[in-house]
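Have a look at the structure below before the remarks.
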Amino acid sequence: MIMMKTGVKYAVGVVIAGIAVYNSLYFRPLDEKLAEGQEIAFDATALVEEMWGNELLAVYDSATDIRVLLERLKSDPESTFEQEAQALGIGNIGYFKVKGEGKVLELNENNVLLQLGDQSIEIETEFIFGNAVRDASGLIRINDYDETSDFNSISEAINDKIRKEVIPAFRAKVSTENTVSFKGALELNKAHLNLSQIEVIPVSLQILP
Amino acid sequence: MQLFTIRLLYVLIAVATLAGCGEQKGKSPDQSQKVAVIISTLNNPWFVVLAETAANRARELGYEATIFDSQNNTALETDHFENAIASGFDAVLFNPTDADGSIANVRMAKKAGIPVFCMDREVNATDAATSQILSDSYAGCVAIGKYFVEKLHKQGKYVEILGLVGDNNTWSRSKGFHSVVDHYPDLKMAAQQSADFDRNKAMEVMESILQVHPDIKGVFCGNDGMAMGAYQALVAAGKAEKVMVFGFDGAGDVITSIQQKKILATGMQFPKLMAKTAANYAHAYFHGKRDFAQKVPVTVEMVNQENVHEYVAYGSE
């Protein structure tokens, strides 16, 4: 009987210890844990909402016609980069504001292929990532932000807005043979210039009647 | 007579000391100025290239240059700063060990009137360093993330091996990568672990992960050393053909491995460009320039299976 009681005591003890250990041990992604407790002072989404229409889209009104830009890049890449490209700092990558009109050739999983004269270009509809739209605009400067991560989050907010508001409405209506007017950003590498595959991240897309 | 000689000696010593002080204060640029190159670790070829290029460029510009290895230890880094200040170094070309932990060292140099130019890694303060020349790790990893999604066809289990958790580059790279990959719910992160940018640690981490998750399809590593370590573990487990490995840096062995189709892609940083820019900035500082941009990003370019023939290890200068 005493043995039995001792056994029950041990069993209860083991169960309590098990519950205590189970509830005190968690496995979570390291980035999630480190992000916890950091003060969220900067709201990139609010900033992008505020500047989207009057500032961001407005600067894209003055974008260069993409066919003109591509001709200039073919004939004089060095000075075209110097005059037209926006870049954050040092390096080969430049961002351009572009606009144009073209006929839809193909509707692909990740893009819509447009024909502009003898040049075909891809309007990205899937991979809306990176800093092309932010940096081509020339409006947002890294040294205005103490935290580089805040600066990067502006790109994420811009890309989110494009993914949620610009792309779905366009993809729902567009079909081959439509003519599409676009404004957007183009990333090019001046040391490894490839003009055969042009990918534009759109900020505005319009199907023309 | 003896008293006169002693007094004369004192006067001469005092004059010599004052003259020495005057010379120190009024050092003309290019003459006997010293540049300290303080690097987080030299246990990684990429940082050796960064350090040696910075020191060599400083020497080309006419300065004495000495390299200090912090061995990823902020306490040792503090010793190097104290030594640099006490030994009369005139500028520090600095690769920090810890974005927060290194701030005090930069401030110490600033207080002593010594400009600090950060290379590749930043400190979490915009009023400490004279300028910070930084790789745009976030943008580089966005490009890698996109390539990763395409190569894995938007689905499968993958592993992320992080660098030093105290380094901002670790999180910039991770965030850039996840800013793309997290949009694909069929890509599942099976494990995320730190290996401190160390090749051997990455191999051990990968070996452990493979025991629990033998069915992974991809590994994203925060630097090339860890990518090589992860690849070694995959070879040992007989899975090198089935798992795609992605790195970041543009180191020599990874560029070769991309050519041999062992590693899929890396983000080419330009350590020589960053190091030379930092040394040139110090030179400009000695000649009176003060209006440096606090952060100067240096673009990162993805090197992959399709374009590897266009690149050399550690990029151009």
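None of the values given here were measured: they were computed from a predicted structure. Lettering follows sequence order; numbering is per chain, from 1. The figures here come from the full heavy-atom set of this structure, side chains too, leaving out hydrogens, waters and symmetry mates.
Environment of NZ in A:Lys164: sparse, with no more than 12 heavy atoms of neighbouring residues, nucleotides or ligands closer than 6.0 Å. For CD of A:Glu49, the number of neighbouring non-hydrogen atoms (other residues, nucleotides, ligands) closer than 6.0 Å is greater than 12. Counting heavy-atom neighbours within 6.0 Å of A:Asn54 CG, excluding the residue itself, gives a total of 12 or less. When the shell of 6.0 Å around CD of A:Glu78 is examined, it contains 12 or fewer heavy atoms from other residues, nucleotides or ligands. Open room surrounds CD on A:Glu82; 12 or fewer heavy atoms of other groups in view lie less than 6.0 Å from it.
With a 4.5 angstrom heavy-atom cutoff, A:Asn131 touches chain B only via side-chain atoms. The contact between A:Tyr145 and chain B is made entirely by backbone atoms, counting heavy-atom distances below 4.5 Å. Within the 4.5 angstrom heavy-atom criterion, no atom of A:Asn194 approaches chain B. Contact annotation for B:Val149: only side-chain heavy atoms (C-beta onward) come within less than 4.5 Å of a heavy atom of chain A. With a threshold of 4.5 angstrom between heavy atoms, A:Asp160 approaches chain B through side-chain atoms but not through N, CA, C or O. When heavy atoms are compared at a cutoff of 4.5 Å, A:Asn189 approaches chain B solely by way of its side chain, counted from C-beta outward. Proximity to chain A involves both the backbone and the side chain of B:Thr299, based on heavy atoms less than 4.5 angstrom apart. With a 4.5 Å cut-off on non-hydrogen atoms, A:Glu187 does not touch chain B at all. At a 4.5 Å heavy-atom cutoff, B:Thr170 makes no contact with chain A through either its backbone or its side chain.
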Extract all donor-acceptor atom pairs below 3.5 Å that involve side chains of residues 64-71 of chain A and protein atoms in other chains or at least two apart in sequence.
residue, atom, partner, partner atom, Å
A:Thr64, OG1, A:Glu84, OE1, 2.8
A:Asp65, OD1, A:Arg67, N, 2.9
A:Asp65, OD1, A:Val68, N, 3.4

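Side-chain contact between B:Tyr138 and A:Glu156 is present, with at least one heavy-atom pair separated by less than 4.5 Å. The shortest side-chain heavy-atom distance between A:Glu109 and B:Lys154 falls under the 4.5 Å cut-off. No side-chain heavy atom of A:Thr148 sits less than 4.5 Å from a side-chain heavy atom of B:Asn168.
Listed options A:Gly130, A:Ser155, A:Ser149, A:Ser153 were ranked by heavy-atom pairs under 4.5 angstrom with chain B; first place goes to A:Gly130. Considering only heavy-atom pairs separated by less than 4.5 Å from chain A, the leading option among B:Gln294, B:Met274, B:Glu310 is B:Glu310. Ranking B:Asn307, B:Val298, B:Val296, B:Thr277 against chain A, the residue ahead of the rest is B:Val298, based on heavy-atom pairs under 4.5 Å.
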Query raised in the report: side chain to side chain contact (heavy atoms under 4.5 Å, CB included) between B:Lys175 and A:Asn152: does it pass, once the steps are laid out?
Result: CA-CA 9 Å; B:Lys175 283 176 182 168; A:Asn152 289 331; over 6 Å; no
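Listed by first then second residue, pairs satisfying salt bridge (charged side-chain N to carboxylate O under 4.0 Å, His left out) with a partner in residues 118-144 of chain B read B:Arg107-B:Asp127, B:Arg121-B:Asp167, B:Glu122-B:Lys295, not counting sequence neighbours.
The residues A:Glu199 and B:Lys146 are annotated as salt-bridged, a charged nitrogen and a carboxylate oxygen being separated by less than 4.0 angstrom.
Between A:Ile142 and B:Pro297, the shortest heavy-atom contact is CD1-CG, 3.9 Å.
Taken to the nearest 0.5 Å, the OG1 atom of B:Thr126 stands 9.0 Å off from the CG atom of A:Asn143.
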